[in-house]
Engineer: 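Below are the structure tokens for one structure; questions will follow.
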Amino acid sequence: MQQVVHVDLGERSYDVQIGPGLIDQAGDWIAPLLARPRVAVLTDETVAELHLEALRAGLAKAGIDMVSLALPAGESTKGWPQFTRAVEWLLEQKIERNDIVVAFGGGVIGDLAGFAAAVLRRGVRFVQIPTSLLAQVDSSVGGKTGINSLAGKNLIGAFHQPSLVLADTAVLGTLTARDFLAGYGEVVKYGLLGDADFFDWLEQQGPVLAAGDMAARVEAVTRSVQMKADIVSRDETEQGDRALLNLGHTFCHAIEAATGYSDRLLHGEGVAIGCALAFELSSRLGLCSQEDPSRVRAHLKAMGMKTDLADIPGELPSAQALVDLMGQDKKVVDGQLRFILARGIGEAFVTADVPPPAVVEVLEDALTTV
Ligand SMILES: NC(=O)c1ccc[n+]([C@@H]2O[C@H](COP(=O)([O-])OP(=O)(O)OC[C@H]3O[C@@H](n4cnc5c(N)ncnc54)[C@H](O)[C@@H]3O)[C@@H](O)[C@H]2O)c1
């Protein structure tokens, strides 16, 4: 059942191994990268409790020693205080230039540990062992690393590609249903942005995949990673095509900011709602058919996911206030908002040519149904 996706980036190329049981084999996969048989693992307390001993055993089988630091679970870890703690800890552990740092957790740990590896001794190599669905299909691949600032999300960071990614699909079994579905929001995004057949497949297979079918999980992770790898290989530092991966994210970042990056809305939930809004906007601008946004929403609803602004608990600001929050988005160029819109399912494109009143109108209508 094991699959591999190659991320082709010249001398920074690497493989993403995908399948159940990779943690048990972690030592065999990582050993060829090591100058000495010792790694430093950064993880979070939830993942540590559930899976760290399995990783220790998997590494020990290949004679590799492991030291580990477990940070608190959750987005608030992705800031300067825990980042400083992690980097100082890596130095205390005498991690040298030729050593390997392992990121073992969801996107929070992957982003923080990757950035720590990027700056430690001016850059050490790291291995991603993503444990959430979101991290397996998105954040562990492509080399974007970083932390949040008081001014906004992901504003401090570096491009630093991992040397290897081990996506063990068996660990997804311990995710809460909510975290699993949040990750599924990113999976749907891939179908919507560039692969209509994949979206058709998800409409059929989504329910069995969510229920735990391993072959379907491996297939969904592999197709998602393959699409991300292709896009990243064409445009590593987001000068063009890579922005397609941000389908739904302009809306998502605004509603995440409006909900204070809190438990009210997880990132992947915001992406799903954002994709539905991006298709609604595309349809109103006459770019895609009216059926497309309905089909997107129907699939999200069938999966039991948040689909509309009304599904977010608590108050939301006005449509104009949400548009103002979009101004903080990293995709703003010369003060002009860029959107990822679609000519149909699987046909996304990047544009700065969106009349602001149309965005306000879509949000106003979405808010009045709240
Ligand atoms: N670098 C990128 O390209 C990129 C892309 C997308 C998202 N991100 C970032 O990823 C982060 C979100 O990632 P996330 O959703 O994985 O969040 P997360 O790391 O907070 O993980 C979500 C929750 O799941 C728990 N968890 C993880 N694996 C588990 C497992 N196997 N069993 C049980 N619980 C488990 C974690 O402890 C946490 O409580 C955000 O900070 C976002 O900015 C980065």
Side-chain angles (χ1 to χ4, degrees), residues 7 20 22-23 42-52 54-55 70-79 82-83 103-115 117-118 126 128-149 152-162 165-187 189-190 212 217 221 224-225 228-229 231-232 236-238 242-243 245-249 252-253 256-257 261-263 265-272 274 329-330:
V7 186
L22 283 163
I23 287 176
L42 291 171
T43 186
D44 77 28
E45 286 163 1
T46 306
V47 173
E49 177 130 336
L50 292 162
H51 301 293
L52 193 61
L55 178 61
L71 303 173
E75 186 71 31
S76 57
T77 285
K78 226 178 91 174
Q82 295 296 338
F83 177 73
F104 187 49
V108 164
I109 289 299
D111 283 10
L112 181 146
F115 185 37
F126 80 117
Q128 289 268 19
I129 307 186
T131 61
S132 69
L133 180 57
L134 184 140
Q136 294 194 354
V137 299
D138 194 356
S139 60
S140 64
V141 180
K144 280 192 184 176
T145 72
I147 56 173
N148 303 327
S149 130
K153 252 191 82 149
N154 297 328
L155 292 180
I156 303 149
F159 283 100
H160 187 49
Q161 299 291 346
V165 182
L166 299 176
D168 185 334
T169 47
V171 289
L172 301 177
T174 55
L175 281 171
T176 63
R178 187 178 179 198
D179 280 318
F180 185 87
L181 286 179
Y184 187 77
E186 300 276 4
V187 175
K189 177 194 80 178
Y190 288 109
R217 286 183 173 192
V221 173
S224 301
V225 169
K228 179 147 188 188
I231 292 174
V232 167
E236 185 180 8
T237 55
E238 200 165 321
R242 188 166 178 166
L245 295 168
N246 291 322
L247 176 64
H249 283 62
C252 172
H253 288 156
E256 275 187 303
Y261 304 99
S262 69
D263 207 33
L265 184 79
L266 302 179
H267 177 72
E269 294 173 336
V271 170
D329 200 285
K330 288 195 293 314

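In listed order, ligands and their atoms are each counted from 1. We count residues from 1, following the sequence as given. Keep in mind that what you see is a predicted model, and the values were worked out from it rather than measured.
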Engineer: Under 4.0 Å from ligand 1, counting heavy atoms only, is it the side chain of Thr131, its backbone, both or neither?
Structural biologist: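 Both backbone and side chain.
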Engineer: Between Glu186 and ligand 1, does any nitrogen or oxygen pair lie at a separation below 3.5 Å?
Structural biologist: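 By distance alone, the answer is no.
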Engineer: Please check: side-chain N/O of Arg242 versus main-chain N/O of Glu236, any donor-acceptor pairing under 3.5 Å?
Structural biologist: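 Present.
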Engineer: Applying a heavy-atom cut-off of 4.0 Å, say which part of Leu50 lies close to ligand 1: side chain, backbone, both or neither.
Structural biologist: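 Only the side chain of Leu50 comes within reach of ligand 1.
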Engineer: Taking atom CD1 of Ile109 and atom OG1 of Thr77, what is their separation to the nearest 0.5 Å?
Structural biologist: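 Answer for the CD1-OG1 pair, Ile109 versus Thr77, is 6.5 Å.
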Engineer: Treating Asp44 as the side-chain partner and Ala73 as the backbone partner, does any N or O pair qualify as donor plus acceptor under 3.5 Å?
Structural biologist: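 No; zero donor-acceptor contacts below 3.5 Å.
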Engineer: Suppose I only count heavy atoms of Asp111 and a 4.0 Å limit; which atoms of ligand 1 are within that range?
Structural biologist: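 So the atoms of ligand 1 that pass are 1 (N), 2 (C), 8 (N), 9 (C), 44 (C).
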Engineer: Could you find the nearest protein heavy atom to atom 29 (C) of ligand 1 and give me its residue, atom name and distance?
Structural biologist: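 Going atom by atom, the protein heavy atom closest to atom 29 (C) of ligand 1 ends up being Leu175 CD2, 3.4 Å.
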Engineer: Tell me whether ligand 1 is touched by Glu45 - counting only heavy atoms on the residue side and a distance under 4.0 Å.
Structural biologist: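 Outside the 4.0 Å threshold, so no.
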Engineer: Would you name the heavy atoms of Ala117 and Phe126 that are closest together and state the gap between them?
Structural biologist: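 The pair with the smallest heavy-atom distance is CB-CB, 3.8 Å.
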Engineer: Is there a side chain to side chain contact (heavy atoms under 4.5 Å, CB included) between Asn154 and Lys78 once you walk through the steps?
Structural biologist: CA-CA 9 Å; Asn154 297 328; Lys78 226 178 91 174; 2.6 Å; yes
Engineer: Would you say ligand 1 has an N or O under 3.5 Å from any N or O of Lys78?
Structural biologist: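 Such a contact does occur with ligand 1.
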Engineer: Taking only heavy atoms of Asp44, which atoms of ligand 1 are found under 4.0 Å from at least one of them?
Structural biologist: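 So the atoms of ligand 1 that pass are 36 (C), 37 (O).
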Engineer: Just by modelled atom types, is the Val165 backbone N or O under 3.5 Å from a matching donor or acceptor in the Gln128 side chain?
Structural biologist: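 Judged by distance alone, no pair lies under 3.5 Å.
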Engineer: Test your reading of the structure: does Glu75 have an N or O sitting under 3.5 Å from an N or O of ligand 1?
Structural biologist: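 Glu75 vs ligand 1: N/O contact under 3.5 Å present.
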Engineer: What part of Asp179, side chain from CB on, backbone N/CA/C/O, both or neither, has a heavy atom under 4.0 Å from ligand 1?
Structural biologist: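 Answer for Asp179: side chain.
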Engineer: CG/Leu133 to OG/Ser224 distance, rounded to the nearest 0.5 angstrom?
Structural biologist: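 Going from CG on Leu133 over to OG on Ser224, the span is 7.5 Å.
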Engineer: N/O to N/O below 3.5 Å, does that happen between Thr174 and ligand 1?
Structural biologist: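 Right, the criterion is met.
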Engineer: Please could you name the atoms of ligand 1 that His51 approaches to less than 4.0 Å, counting only its heavy atoms?
Structural biologist: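 Those atoms are 31 (N).
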Engineer: With heavy atoms under 4.0 Å as the rule, classify the contact between Val108 and ligand 1 as side chain, backbone, both or neither.
Structural biologist: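 For Val108, the contact with ligand 1 is made by both the backbone and the side chain.
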Engineer: Nearest 0.5 Å, what's the CZ-CG distance between Phe104 and Asp168?
Structural biologist: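 The CZ atom of Phe104 sits 8.0 Å away from the CG atom of Asp168.
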Engineer: Please assess His51 against Thr174 for the test side-chain hydrogen bond (donor to acceptor under 3.5 Å, both in side chains), listing each intermediate value before the final yes or no.
Structural biologist: CA-CA 9 Å; His51 301 293; Thr174 55; 2.8 Å; yes
Engineer: Can you tell me if Lys228 has a non-hydrogen atom under 4.0 Å from ligand 1?
Structural biologist: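 The answer is yes: ligand 1 sits under 4.0 Å from a heavy atom of Lys228.
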Engineer: Give me the nearest non-hydrogen protein atom to atom 17 (O) of ligand 1 as residue plus atom name, then the distance to 0.1 Å.
Structural biologist: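 Going atom by atom, the protein heavy atom closest to atom 17 (O) of ligand 1 ends up being Gly107 N, 4.0 Å.
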Engineer: Lys153 heavy atoms, cut-off 4.0 Å: which ligand 1 atoms fall inside?
Structural biologist: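 Result: 40 (C), 41 (O), 42 (C), 43 (O).
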Engineer: Could you identify the single nearest non-hydrogen protein atom to atom 7 (C) of ligand 1 and state the distance to 0.1 Å?
Structural biologist: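 Checking every protein heavy atom, the shortest distance to atom 7 (C) of ligand 1 gives Leu134 CD2, 3.6 Å.
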Engineer: Run through Val225, Val141, Thr131, Val171 and flag the one making a side chain to side chain contact (heavy atoms under 4.5 Å, CB included) with Gln136.
Structural biologist: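 The option that passes is Val171.
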Engineer: Find all atoms of ligand 1 within a distance of less than 4.0 Å from any non-hydrogen atom belonging to Ala73, and give their numbers and elements.
Structural biologist: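 The list of qualifying atoms is 37 (O), 39 (O).
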Engineer: Check whether any side-chain N or O of Lys189 sits under 3.5 Å from a backbone N or O of Leu245 as a donor-acceptor pair, and report yes or no.
Structural biologist: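 Side chain of Lys189 to backbone of Leu245, a donor-acceptor pair under 3.5 Å: yes, one is there.
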Engineer: For Gln82 and Ile147: C-alpha separation, side-chain torsions, deciding distance, then whether side chain to side chain contact (heavy atoms under 4.5 Å, CB included) applies.
Structural biologist: CA-CA 10 Å; Gln82 295 296 338; Ile147 56 173; over 6 Å; no
Engineer: Report the distance from atom OG1 of Thr43 to atom CG of Leu71, rounding to the nearest 0.5 Å.
Structural biologist: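 Atom-to-atom, Thr43:OG1 and Leu71:CG are 8.0 Å apart.
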Engineer: Please list the nearest protein heavy atom to atom 21 (O) of ligand 1 with its residue and the distance rounded to 0.1 Å.
Structural biologist: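 Checking every protein heavy atom, the shortest distance to atom 21 (O) of ligand 1 gives Gly106 CA, 4.2 Å.
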Engineer: Give the residue and atom name of whichever protein heavy atom lies nearest to atom 4 (C) of ligand 1, and the separation in Å to one decimal.
Structural biologist: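 The protein heavy atom lying closest is Ser139 CB, 3.2 Å.
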Engineer: Say whether Val47, considering both its backbone and side-chain N or O atoms, lies within less than 3.5 Å of an N or O atom on ligand 1.
Structural biologist: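 No - when backbone and side-chain N and O of Val47 are compared with those of ligand 1, no distance drops under 3.5 Å.
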Engineer: Which residue owns the protein heavy atom closest to atom 16 (O) of ligand 1, what's the atom, and how far is it?
Structural biologist: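 Answer, as residue, atom name and distance: Ser132 OG, 2.5 Å.
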Engineer: I need the atoms of ligand 1 closer than 4.0 Å to a non-hydrogen atom of Asp138, numbered in the order shown.
Structural biologist: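 Answer for ligand 1: 5 (C), 6 (C).
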Engineer: Please name the pair of heavy atoms, one in Val7 and one in Ala229, separated by the smallest distance, quoted to 0.1 Å.
Structural biologist: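 Scanning both residues completely, I find the closest heavy atoms to be CG2-CB, 4.0 Å.
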Engineer: Below a 4.0 angstrom heavy-atom separation, can you tell me which part of Asn154, side chain or backbone, both or neither, approaches ligand 1?
Structural biologist: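 Within the 4.0 Å criterion, Asn154 contacts ligand 1 through side-chain atoms alone.
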